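Structure first, then comments.
Numbers here are sequence positions counted from 1. Start at 1 and go down the list; that is how both ligands and their atoms are numbered. Note that the structure is a prediction, hence the values are computed from the model and not measured.
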Amino acid sequence: MFDPKWAFMDPVATLAVSGFIIQAAYVICLPSLKELADSGADEKALLAIEKIVLQVEGVVSVHAVRSRFHGSGFYVNLHIQVNGKLTVEEGHKIAGCAKRRLIQEGPDIVDVLVHIEPDKKL
Ligand SMILES: [Zn+2]
């Protein structure tokens, strides 16, 4: 249909369409690959998690926040420091409160494991 001098456009167009297909495949596959690789929450979500936990009454500090994507959301492990003079029951209540708040307010959090440590300064 076209002038034969434009025949070189056939492989050029083929490469362009291949590029679009590869780019679309990358966009579609990336979330699944992240899930399969047990990836965790991104930096923004980890900061949101820390912020929520620090708002819980009795939490002095939080560290070692780790997350793992699984199914529909994240499983989170973290360490919190509380007043070392508190009873086990009081520390347990603080940990339970942190867990509930994270599941309610956090970014797609399914379950939380809280490790309690005494803050030796208090
Ligand atoms: Zn720790």
If a pair satisfies side-chain hydrogen bond (donor to acceptor under 3.5 Å, both in side chains) and one of its residues is in [range], list it, with sequence neighbours excluded.
range            : result
residues 43-60   : Gln55-Arg101
residues 107-117 : His63-Glu117, His79-Glu117, Lys99-Asp111
residues 87-98   : Thr87-Glu90

Proximal protein heteroatoms (N, O or S) of the Zn ion (ligand 1), under 2.8 Å: His63 NE2, His79 ND1, Glu117 OE2
Passing candidate, side-chain contact (heavy atoms from CB on, under 4.5 Å) with Ile49, options Leu54, Ile109, Val112, Val62: Ile109
For Ala95 against Ile116, the heavy-atom pair lying closest together: CB-CD1, 3.6 Å
Derivation of the side-chain contact (heavy atoms from CB on, under 4.5 Å) call for Leu78 and Leu102: CA-CA 11 Å; Leu78 53 86; Leu102 281 172; 3.7 Å; yes
